[in-house]
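Numbering of ligands and ligand atoms starts at 1, following listing order.
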Amino acid sequence: MLTYDVIVIGFGKAGKTLASKFGAQGKKVAIIEKDDTMYGGTCINIGCIPTKVLIHSIETHHGFDEAIAEKNAVVSRLRAKNFKMLDDIKTVDVFNADATFSSNKVIKIRSANGDSQELTAEIIIINTGSVINTLPIKGLTESTNVYDSTSIQNLKTQPKTLGIIGGGNIGLEFASLFSQMGTHVSIFDPQERILAREEEFVSTKVAEYMAKNGVQFELQSHISEVKNDGNHVILVTENGEYEFDAVLHATGRKPNITGLGIEHTDIKLTERGAIQVDEFLQTSVPKVFAVGDVNGGLQFTYISLDDSRIVWNYLKGNSDYSTKKRHHVPYTIFLNPPLSRVGIDETQAKEQGVNYQSNTLMVANMPRAHVNSDLRGFFKVIVDADSHLILGATLLSAESPELINLIKMAMDNKIPYTYLQNQIFTHPTMAENLNDLFHF
Ligand SMILES: Cc1cc2nc3c(=O)[nH]c(=O)nc-3n(C[C@H](O)[C@H](O)[C@H](O)COP(=O)(O)OP(=O)(O)OC[C@H]3O[C@@H](n4cnc5c(N)ncnc54)[C@H](O)[C@@H]3O)c2cc1C
Ligand SMILES: NC(=O)c1ccc[n+]([C@@H]2O[C@H](COP(=O)([O-])OP(=O)(O)OC[C@H]3O[C@@H](n4cnc5c(N)ncnc54)[C@H](O)[C@@H]3O)[C@@H](O)[C@H]2O)c1
């Protein structure tokens with residue numbers, strides 16, 4: 001049995017950050033990653049980074065083959081860099097093996113060649129991420145030319161037509177990507193409108209821009225079967241049959257606990273199959289933590305990173321910050337133009353009975369938008385009319401993924417909107433429009 005100070009299962013954002021920090025302090029750390037194409041985790045290898053390289057490449061007028069090559073180059077570079085970052089630390093051992101709990105504090109690791117050994121540590125960090133939620137639709141897994149968010153990134157040729165099952169973050173981002181390449185895309189989703197959690201006019205505007213790129217929406221539709229006709233894929237719905245060169249299914253991701261041997265421990269699961277944690281991400285076993293997607297929280301890389309901060313501080317005896325104190329989590333869906341959100345929107349302000357004011361500014365009225373020759377979108381904010389604090393913002397525009405972080409910072413630091421109204425901003429930028437946006 002090998003004894004460590006800390007064992008990390010999974011090379012995701014939180015796990016690698018903690019392994020690196022403990023290693024830098026001279027702690028003996030084992031980090032176990034079962035897949036040698038996944039050093040750095042989902043984000044770097046099959047998630048955020050490759051998808052955004054593809055989007056950026058296509059938006060800067062590269063073709064399909066070039067975009068795929070660029071994506072492969074970036075991913076290989078970052079994967080190698082991530083591996084080296086930990087492998088170079090003397091007290092950190094990186095194992096390429098499958099990890100399973102034998103008991104609360106003992107992990108059995110098995111490498112591809114069948115070798116196995118047992119490891120133990122007082123502190124164990126579970127960072128096994130999430131896996132694709134494959135719906136039990138007849139023929140979905142058996143049909144050819146049907147892809148998930150990972151396999152579609154390795155397509156050899158650009159499909160002329162693409163059907164997408166699921167109009168969530170992944171479905172919409174791939175729809176935007178492929179439609180900009182000239183592929184005819186159709187999105188199938190049971191909901192009445194895309195982005196159902198956003199205000200209706202946001203959904204309408206996003207749908208309008210996507211439709212201009214040729215995206216078709218098959219909403220309130222239910223797929224009963226997926227089948228092949230030669231090389232084509234047929235989606236069978238109550239409204240008829242639809243034929244495509246390729247189909248992507250993207251209907252959510254679920255915490256990855258398969259094969260972890262949770263049944264050999266006292267770790268509890270939530271009703272939804274995530275690892276149950278407290279506000280410091282500690283499981284029901286003391287000093288065993290679950291960080292990132294596996295604990296059932298928001299599935300973003302920056303949440304996994306924030307989880308690592310909470311665990312790090314907690315283990316250093318600082319319990320000032322916890323998930324209970326995590327506020328104003330922003331997000332961006334990388335469409336064209338991108339949609340970025342933080343805080344509450346007007347519908348939620350009304351529901352909460354807040355005395356609010358709202359303001360909307362159209363991108364077409366912004367000088368920088370004319371420089372960029374992109375007049376699409378709007379900025380909308382909600383403020384508290386009494387305290388002057390910012391309650392939320394929805395930005396549908398170029399550069400919104402950067403701008404939203406500025407608004408989040410103002411919200412976190414309780415900076416009143418009047419400050420942004422009178423702040424000096426460089427010109428011509430999209431940020432300078434915050435002056436007018438906060439002018440009520
Ligand atoms: C297509 C796509 C696009 C995305 N885009 C964005 C985005 O733009 N922005 C954003 O913030 N988020 C995005 N996300 C979400 C983001 O990627 C995830 O929330 C984040 O990567 C989760 O990280 P994690 O720390 O939970 O673990 P992960 O990075 O998922 O790492 C878990 C690791 O554990 C390994 N593992 C699992 N089980 C075992 C075991 N038993 N033994 C050993 N190793 C094991 C896995 O192989 C994996 O490498 C995207 C996701 C996808 C799929
Ligand atoms: N930009 C980003 O930050 C980013 C990008 C991609 C993914 N992600 C993360 O990855 C997670 C997973 O993304 P996702 O798009 O798979 O999940 P999601 O939860 O965002 O969307 C799932 C979609 O599938 C639809 N759906 C459910 N059942 C269906 C059915 N039978 N037929 C057709 N559609 C059906 C839902 O209505 C929903 O629109 C996201 O929740 C997000 O946290 C983030």
With nothing but distance in play, are any N or O atoms of S130 less than 3.5 Å from an N or O of ligand 1? no

Without hydrogens or angle criteria, can the side chains of N154 and Y147 be said to hold a donor-acceptor pair below 3.5 Å? no

G10, G15, S304: member with heavy atom nearest to atom 23 (O) of ligand 1: S304

Close N or O approach (G252, ligand 2; < 3.5 Å): yes

Between the side chains of S151 and D148, does any donor sit under 3.5 Å from an acceptor? yes

I'd like to check whether T42 has a polar contact with ligand 1, where a contact means an N/O of the residue lying under 3.5 Å from an N/O of the ligand. yes

Under 3.5 Å between some N or O of ligand 1 and some N or O of Q153? no

Do any nitrogen or oxygen atoms of S221 come within less than 3.5 Å of a nitrogen or oxygen of ligand 2? no

Any idea which protein heavy atom is nearest atom 39 (C) of ligand 1, and the distance to it? T128 CG2, 3.6 Å

For R253 and ligand 2, does the shortest N/O to N/O distance drop below 3.5 Å? no

Partner of F244 under side chain to side chain contact (heavy atoms under 4.5 Å, CB included), picked from L162, L235, V185, is L235

Polar-atom distance check: R197 versus ligand 2, any N or O pair below 3.5 Å? no

Closer than 4.0 Å to some heavy atom of G166 - which atoms of ligand 2 meet that? 24 (O), 25 (C), 33 (C), 34 (N)

Who gets closest to atom 44 (N) of ligand 1 by heavy atom: K34, K16, R253, Q299? K34

Hey, is H222 touching ligand 2 through its side chain, its backbone, both or neither, going by heavy atoms under 4.0 Å? neither

What I want to check is whether the side chains of N96 and K34 have a donor and an acceptor closer together than 3.5 Å. no

Under 4.0 Å from ligand 1, counting heavy atoms only, is it the side chain of N256, its backbone, both or neither? side chain

Heavy-atom contacts under 4.0 Å between I303 and ligand 1: side chain, backbone, both, or neither? neither

Any side-chain donor-acceptor pair under 3.5 Å between N228 and T144? yes

For the residue pair T323 and E279, confirm or rule out a side-chain donor-acceptor distance under 3.5 Å. no

Applying a heavy-atom cut-off of 4.0 Å, say which part of F11 lies close to ligand 1: side chain, backbone, both or neither. backbone

Of S308, A99, C48, G40, the residue with the heavy atom nearest atom 41 (N) of ligand 1 is A99

Part of I194 within contact of ligand 2 (heavy atoms, under 4.0 Å): neither

Closest to atom 19 (O) of ligand 1 among D35, D293, L298, L305 (heavy-atom distance): D293

Just to be sure I read this right, does ligand 2 sit under 4.0 Å from the backbone of Q191, its side chain, both, or neither, counting only heavy atoms? side chain

Any N/O of K13 closer than 3.5 Å to an N/O of ligand 1? yes

Structural part of Y331 in contact with ligand 2, heavy atom criterion under 4.0 angstrom: neither

Charged N to carboxylate O below 4.0 Å: is that the case for E346 and K380? yes

Check the angle between the aromatic planes of F83 and Y39 and answer parallel, tilted or perpendicular using the 30° and 60° thresholds. tilted

Numbering as shown, the atoms of ligand 2 that approach I165 to under 4.0 Å (heavy-atom distance): 32 (N), 33 (C)

Please write down residue, atom name and distance for the protein heavy atom closest to atom 39 (O) of ligand 2. D189 OD2, 2.7 Å

Within the structure, does G259 bring an N/O atom to less than 3.5 angstrom of an N/O atom in ligand 1? no

Polar atom proximity, T51 to ligand 1 (N or O, under 3.5 Å): no

Got the closest protein heavy atom to atom 7 (C) of ligand 2, with its distance? I170 CG1, 3.4 Å

In terms of side-chain heavy atoms, does Q153 have a donor or acceptor partner in T51 at a distance below 3.5 Å? no

Indicate whether the side chain of T332 and that of S340 have a donor and an acceptor atom separated by less than 3.5 Å. yes

Which atoms of ligand 2 sit under 4.0 Å from any heavy atom of G168? 15 (O), 20 (O), 21 (O), 23 (C), 39 (O)

Side chains of T204 and E208: any donor to acceptor distance under 3.5 Å? no

N336 and N213 side chains, donor-acceptor separation under 3.5 Å: no

Does ligand 2 come near enough to Y302 that some N or O of the ligand is less than 3.5 Å from an N or O of the residue? no

On a heavy-atom basis, the closest approach of R253 and S130 is NH2-O, 2.7 Å

Quick one: do the T283 and Q276 side chains pair a donor with an acceptor below 3.5 Å? no

Will you find, in the side chains of R309 and N313, an N or O donor that is under 3.5 Å from an N or O acceptor? no

Using a 4.0 Å cutoff against the non-hydrogen atoms of F334, which atoms of ligand 2 qualify? 1 (N)

